[in-house]
Number of protein chains: 2
Amino acid sequence: MTNLFIGSDRRTQKETALFEAALDVFAEFGFRKAGIEDIARRAGIANGTVYLYAASKRDLYKRAVEYGLDAWQAHAAKAAEEAAEGTEPGRGRARNRFEALCRAAYSYLAAEPRLRRIMSRDPSLFPAAPGSAEGDDPFESVNGRSVAMLERAIREGVDTGEFAVEDPAAAAELLFSLYRVMIEKTYVEEDGGERKRFEAGLSIIMNGISARGA
Amino acid sequence: MTNLFIGSDRRTQKETALFEAALDVFAEFGFRKAGIEDIARRAGIANGTVYLYAASKRDLYKRAVEYGLDAWQAHAAKAAEEAAEGTEPGRGRARNRFEALCRAAYSYLAAEPRLRRIMSRDPSLFPAAPGSAEGDDPFESVNGRSVAMLERAIREGVDTGEFAVEDPAAAAELLFSLYRVMIEKTYVEEDGGERKRFEAGLSIIMNGISARGA
DNA sequence: CAATGAATAAATTCGTCATATATTCATTTA
DNA sequence: TAAATGAATATATGACGAATTTATTCATTG
């Protein structure tokens, strides 16, 4: 173990290149028609090297998508934190955090055609997609964290009196589902009205969870 | 194919029997594995008679589902009207109508496993389902009427000051989409928490569209 | 003349081979 | 000597025709 840092660093770089290439190829061709050879070439590694980072093509798909979802989530979480930082607790902080979370998540995806494409092709990526059963979500971990993030944001508002929601957990689940629809509407229709629909939806939701007196 | 629009009583009865049988079989086996012979037998008519009411198996599917959606919609519309009847305009009538509309639509589907099954099997039945494009909705007519019904209910509330919504058309579209999610969550998970999620969602929406002073 | 159901056309399944591509592993590299 | 390679191998996929099932038609019927 002469240089553990460089070793792990190189490994991470290679892994990143692999997942980026995988996202490109899976997005362009879908799971079936995507080729390991193509992915390996684009990542600048050999065919067999792929199997040092994933157990199978399916596993590579899962890891690459998880990598993409993680980046998306991290971006949204960061934006929410930054929005909350400038505000005093209770003085609209929960609203700011919640709204920033929604906006950042939405706009990040607008700039990530690969994830949109992949999710469009493969509805099973979302928990309650038709055909999937209870424990079926392959991204339970990421999606679960997203729902938890929403729930925390809502609870903060409820605690400070900014929000009035009877069941924050159920509300978070519902909003996550609603979020899926907005995404669908965005990538499926692409009629130029997405932004408007997003704003209309966000407005209703913000109003819907806000306490009357606030 | 003969004239499909001449509606004698016998024909209507036969048509109804055919569509009912078709809903049964399509729900049980899905479009592909459903057999015309099976449907005809259950409807008590001969094989060839089916083609007096539909141009093809695909057309029969479309007509049968449309028949089912029509019944669903009619039920919800009736419930909304009845709820509105007892209330003076402006004195909570819009709220009553809107809430009744949502509840009736939801509970009707809970009692109609065939429609749930069919929609579950065939996500393309809904306008913005993955894979479908702009003019792709085979049930544009029914779905369009549903959205219009929502929009009218919202506009009534806006006019009387009960609701505060910037863009009723966008809101109606959004709510219709949200409705799809509730349905998905209902028939996919069946974990006993549907009712709770429905109530949580309806509460946020009702609050979200309501005017602050109302 | 609406309705029928046997006749016909069309679609689907199944078995086989040919091709492509996912995966392994003996060898090389750094 | 652990990580990486890429040719070798196993597995999956696609193409094709025959066999079978199923959708659709239409001459006949009540």
Side-chain angles (χ1 to χ4, degrees), chain A residues 1-65 118 121-122 124 138, chain B residues 1-65 118 121-122 124 138:
Chain A
M1 54 164 78
T2 45
N3 203 333
L4 188 60
F5 173 77
I6 287 190
S8 66
D9 192 48
R10 274 186 68 204
R11 180 192 181 98
T12 296
Q13 270 177 238
K14 211 164 255 190
E15 203 170 39
T16 301
L18 173 59
F19 289 160
E20 286 289 333
L23 279 181
D24 284 345
V25 176
F26 283 131
E28 187 170 356
F29 301 107
F31 179 78
R32 266 171 49 99
K33 296 204 171 179
I36 291 287
E37 200 170 335
D38 190 9
I39 294 172
R41 186 167 6 88
R42 296 201 200 196
I45 61 179
N47 238 334
T49 309
V50 170
Y51 291 86
L52 298 175
Y53 299 96
S56 65
K57 186 184 174 185
R58 176 61 63 180
D59 184 52
L60 175 62
Y61 179 70
K62 186 180 174 296
R63 283 172 195 272
V65 173
I118 287 172
R121 277 213 160 88
D122 184 355
S124 79
Chain B
M1 177 178 52
T2 48
N3 192 344
L4 293 170
F5 296 100
I6 296 174
S8 77
D9 233 84
R10 275 189 69 205
R11 163 166 286 202
T12 297
Q13 270 178 239
K14 213 163 253 189
E15 202 170 41
T16 302
L18 173 60
F19 290 161
E20 286 289 334
L23 279 180
D24 283 345
V25 176
F26 283 132
E28 187 171 354
F29 302 108
F31 179 79
R32 266 172 49 100
K33 295 203 172 180
I36 292 286
E37 202 171 334
D38 190 8
I39 294 172
R41 188 166 5 87
R42 295 202 202 197
I45 62 179
N47 238 332
T49 309
V50 170
Y51 291 87
L52 298 175
Y53 299 95
S56 65
K57 186 185 175 186
R58 176 61 64 180
D59 184 52
L60 175 63
Y61 178 71
K62 186 179 176 295
R63 282 170 194 274
V65 173
I118 286 173
R121 277 212 160 89
D122 184 356
S124 79

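Contact annotation: Y53(B) does not reach the phosphate of dA2(C) (side-chain N/O to OP1 or OP2, under 4.0 Å).
Rounded to whole Å, the distance from NZ on K57(B) to C1' on dT25(D) is 17 Å. Atom pair L52(B):CG and dT29(D):C1' shows a separation of 14 Å (rounding to whole Å applied). Here the C1' atom of nucleotide dT23(C) and the CG atom of L60(A) are 13 Å apart, to the nearest Å. Nucleotide dA22(C) holds its P atom 15 Å from the OH atom of Y61(A), rounded to whole Å. K14(A) has its NZ atom 15 Å from the P atom of dT29(C), to the nearest Å. The CD1 atom of I45(A) sits 11 Å away from the P atom of dG6(D) (whole-angstrom rounding).
Taking the nucleotide of DNA chain D with the nearest heavy atom to each of A46(A) and R58(B), the more 5' of the two is matched to A46(A).
The salt bridge (charged side-chain N to carboxylate O under 4.0 Å, His left out) pairs that include a residue from residues 45-60 of chain A are D59(A)-R63(A), where partners are two or more places apart or lie in different chains.
Rounding to the nearest 0.5 Å places NZ of K62(A) at 11.5 Å from CG of L60(A). The CD1 atom of I39(B) sits 9.5 Å away from the CD1 atom of I45(B) when rounded to the nearest 0.5 Å. Taken to the nearest 0.5 Å, the CG atom of L52(A) stands 9.0 Å off from the NZ atom of K14(A).
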Detail all sub-3.5 Å separations between protein N/O atoms and N/O atoms belonging to nucleotides 6-9 of chain C.
none

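Near DNA chain D, meaning a heavy atom under 4.0 Å from it, residues 29-42 of chain A has R32(A) in order of number.
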query: Please walk me through it: do Y51(A) and N47(A) pass side chain to side chain contact (heavy atoms under 4.5 Å, CB included)?
result: CA-CA 8 Å; Y51(A) 291 86; N47(A) 238 334; 5.8 Å; no
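Rounded to 10°, the angle separating the first-five-pair axis and the last-five-pair axis of the helix from dC1(C)-dG30(D) to dA30(C)-dT1(D) equals 40°.
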Pairs under 3.5 angstrom only: tabulate donor-acceptor contacts from the side chains of residues 17-33 of chain A to other protein residues two or more places apart or in another chain.
residue: E20(A); atom: OE1; partner: R114(A); partner atom: NH1; Å: 2.8
residue: E20(A); atom: OE1; partner: R114(A); partner atom: NH2; Å: 3.1
residue: E20(A); atom: OE2; partner: Y67(A); partner atom: OH; Å: 2.6
residue: D24(A); atom: OD1; partner: R114(A); partner atom: NH1; Å: 3.0
residue: E28(A); atom: OE1; partner: R42(A); partner atom: NH2; Å: 3.4

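Listed by chain and residue number, D122(B) satisfy the side chain to side chain donor-acceptor pair (under 3.5 Å) test with Y61(B) (two or more places apart in sequence, or in another chain).
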